[in-house]
Amino acid sequence: MISTQESTRPTLSVGPAVGQAEASLTRLLSGILAESGTSRGTYLGLQRLTALGGHAARDTYERDLSEWLQLDRPAAGRLAGDLVAAGLAATEGDAIRLTAQGQELREGIVAASAEITGPMLASLDRVDLDTTIKTLQEITRRARAIPARSATAAEEDR
């Protein structure tokens, strides 16, 4: 008689599974950022400006920072100003754009990250990886469409 043995490891739901992956990848990214002397905020600011095509109206960029990074508008303005002061972005009238220095820094961080994650991901089935990426993008889109609950409302539910 052949018996099958089930795994004793519990299956995670999507929230904890994504959270564990995010925490592990954040740990790796934090090391890369520390090596480059780059703050997480600076890196995320460069990422968001890149997501907007490398240039945008300053108001649009600050609104994007506020929404994606959950910053209030003054903090988003300070982050944009810090990128400009560091020479990583430049303003032209009402617009902001990545500078060559900003683009080089971001690309260096992305390349260093790929050196670590590339081998890790290489052994995964490409179709599965593509499906995972598409699924996470859809979860992100749907989650962003749901209004955030305030801390006060969450505390009232307890």
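Grouping the Ile, Leu, Val, Met, Phe, Trp and Tyr side chains by contacts below 4.5 angstrom, directly or via other members, places V18 apart from L121. Tracing side-chain contacts under 4.5 Å through hydrophobic residues (I, L, V, M, F, W, Y), one reaches L29 starting from L25; they form part of the same cluster. When the side chains of ILVMFWY residues are joined at heavy-atom separations under 4.5 Å, either directly or via intervening members, V127 and I133 end up in two distinct hydrophobic clusters. Cluster annotation: W68 and L83 are assigned to distinct hydrophobic clusters (Ile/Leu/Val/Met/Phe/Trp/Tyr, side-chain heavy-atom contacts under 4.5 Å, transitive).
Remark: side-chain polar atoms of S113 are not paired, donor with acceptor, to backbone N or O of I109 under 3.5 angstrom. Although no hydrogens or angles enter the test, the distance criterion places no donor-acceptor pair under 3.5 Å between the side chain of S66 and the main chain of E62. A donor-acceptor pair under 3.5 Å is absent between the side-chain atoms of Y61 and the main chain of A76, judged by distance alone.
For the side-chain hydrogen bond (donor to acceptor under 3.5 Å, both in side chains) criterion with T50, the lone passing option out of E107, R106, Q103, H55 is R106. A side-chain contact (heavy atoms from CB on, under 4.5 Å) with Y43 is found for exactly one of I32, V110, L105, namely V110.
Within the 4.5 Å cutoff, side-chain heavy atoms of R126 are placed close to those of D130. Residues D94 and D59 form no side-chain contact, since every pair of their non-hydrogen atoms from C-beta on lies 4.5 Å or further apart. A 4.5 Å side-chain heavy-atom check between T99 and R97 finds at least one atom pair inside the cut-off. With contacts defined as side-chain heavy-atom distances shorter than 4.5 Å, the pair M120/I116 does not qualify. Using a 4.5 Å heavy-atom cutoff, the side chains of I139 and T135 are in contact.
Checked for salt-bridge contact, D82 and R78 miss the test: no charged N lies under 4.0 Å from a carboxylate O. Ion pair K134/E138 not flagged as a salt bridge, since none of the NZ, NE, NH1 or NH2 atoms sits closer than 4.0 Å to an Asp/Glu carboxylate oxygen.
Across S36 and T38, no two heavy atoms sit closer than the pair OG-OG1, 2.8 Å. The two residues R58 and G77 come nearest to each other via the heavy atoms NH2-O, 3.5 Å. Minimum interatomic distance between V84 and I96 (heavy atoms only, all atoms of both residues): CG2-CD1, 3.9 Å. Considering all non-hydrogen atoms of both residues, P119 and A114 come closest at CD-O, 3.9 Å. For the residue pair L65 and G45, the shortest heavy atom distance occurs at CD2-CA, 4.0 Å.
Note that CG of L49 and OG1 of T60 are 11.0 Å apart. Values are rounded to the nearest 0.5 Å. Between atom CD of residue E22 and atom CG of residue L136 there is a gap of 11.5 Å, rounded to the nearest 0.5 Å. Going from atom OG of S30 over to atom CG of L28 covers 8.5 Å, rounded to the nearest 0.5 Å. We find the CZ-CG distance between R63 and L71 to be 14.5 Å, quoted to the nearest 0.5 Å.
Remark: Q47 CD is packed, more than 12 non-hydrogen atoms of other residues, nucleotides or ligands lying under 6.0 Å away.
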